Asker: 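Could you have a look at this structure, given as structure tokens, before my questions?
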Amino acid sequence: MPELPEVHTITSDLKKHILDAVVKKVEIKAGFSVSPSAGVFKKKLVGRKITDIHRVAKNILLGLDSGDFLVIHLAMTGRLLFRKTGFKADQWERVIFTLEKDGKIGELRYTDLRMFGKVKIINKAEYKTLQNKYGPDPITETFDHYRFLELLQNKRTNIKNALLDQTVISGIGNIYANDALWIAKIHPGTKTSDITPPMAKNLLAAIRGILNESIFNRGSTLDDKMYVDIFGKQGEHQNYFRIYGKAECPRCYIPVKFMKLNGRGTYFCENCQLKTDQESLL
DNA sequence: ACAACATCCTGCAGGC
DNA sequence: TGCCTGCAGGATGTTG
Ligand SMILES: [Zn+2]
């Protein structure tokens, strides 16, 4: 599923290929809703130049020369595919943007099997609101583990659920939450109130480490093949998962435990992931 | 106020 | 074979 590394990969590829492109045509497929509704959406987009491309949390933002932003959130099954006009139709096409850059025409296709994703145009004020609702970004923002711990402890829940809360820290999804907790040797069910500064330090380093590693590997493509880059190519980081989807702990060589935590699949090792500060036991 | 739960939707796997 | 159930999980709306 697209989390920070996958959205980062897509955003940086888009920056290389469609920055300064002009939107020539927009087609919204039946059954899919954009915001504002189709007529206004097209009017705000056709003829506009894409002057800026960046990521906010798991959103892809395309800044327009009108001052508006096209915001795309892929949720779980959304894809952005960059195709030559006439390239065979993709599965689950929802919105087709025809773009012109340097006299060449191409298409940016938003496809989404389950249609949980969002495609919308927002103005500058709404952009500010969007930015402000998220917790700090572990890749693009500098903050220390004391600040991180403070944010975590604003939530009275377990640590894994807090990591998935985008208002605490942005960009982490279920896969990297599982793996970061394994790297930091923290049990996913640990209450945020039981996290100590050394644990927060390890965890923040684990989060930054695993996200950067996945960015290097161009993201993770699961067996469902849902995440691919803008050229339809799979990521590689699924080959380096630590605990997510694993049967055996790579540190202890014992079976991995699986449970549902707040409704999400949670993998952990009951031997090396504890609910206490492991340093303090020494 | 806020944590936990239900919901949106489709495709696929597993059981009978 | 084919029907049914459950599962996947990001974000939001609802419940307690
Ligand atoms: Zn272990």
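Worth knowing before you read on, the calculation uses all heavy atoms, side chains too, and leaves out hydrogens, waters and symmetry mates. Note on naming: letters A, B, ... go to the chains in the order of the sequence lines (proteins, then strands), and numbering restarts at 1 for each one. All values derive from a computational prediction rather than experimental measurement.
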Asker: If we take the P atom in both dA6(B) and dG6(C), what is their distance in whole Å?
Answerer: 13 Å

Asker: Between dA4(B) and Thr157(A), is there an OP1 or OP2 to side-chain N/O distance shorter than 4.0 Å?
Answerer: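 Checking dA4(B) against Thr157(A), a side-chain N or O does come within under 4.0 Å of OP1 or OP2.
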
Asker: Thinking salt bridges, do Lys16(A) and Asp13(A) make one under a 4.0 Å N-O criterion?
Answerer: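 Result for this pair is yes, salt bridge flagged.
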
Asker: Please determine whether a side-chain nitrogen or oxygen atom of Lys118(A) lies at a distance below 4.0 Å from atom OP1 or OP2 of dC8(B).
Answerer: no

Asker: Check this for me, if you would: do Arg55(A) and Asp137(A) make a salt bridge, where the nitrogen-to-carboxylate-oxygen distance has to be below 4.0 angstrom?
Answerer: yes

Asker: For dA11(C), does OP1 or OP2 lie under 4.0 Å from any side-chain N or O of Gln166(A)?
Answerer: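 So the side-chain polar atoms of Gln166(A) do come within 4.0 Å of the phosphate oxygens OP1 or OP2 of dA11(C), strictly under.
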
Asker: Which is true for Tyr227(A) with a 4.0 Å heavy-atom rule: it touches a base, it touches only sugar-phosphate, or it touches nothing?
Answerer: nothing

Asker: Out of dT7(B), dT12(C), dA3(B), which has the shortest distance to the side chain of Arg264(A)?
Answerer: dT7(B)

Asker: Find which nucleotide of DNA chain B each of Lys155(A) and Arg114(A) is nearest to by heavy atoms, and output the residue with the more 5' nucleotide.
Answerer: Lys155(A)

Asker: Under 4.0 Å between any heavy atoms, over every strand shown, what does Lys225(A) touch: base, sugar-phosphate, or nothing? Just pick one.
Answerer: nothing

Asker: For Phe116(A) and dC9(B), are the ring centres under 5.5 Å apart with planes inclined under 30°?
Answerer: no

Asker: So, is His73(A) close to the dG10(C) phosphate, meaning a side-chain N or O under 4.0 Å from OP1 or OP2?
Answerer: no

Asker: Thinking salt bridges, do Asp112(A) and Arg79(A) make one under a 4.0 Å N-O criterion?
Answerer: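 No salt bridge links Asp112(A) with Arg79(A).
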
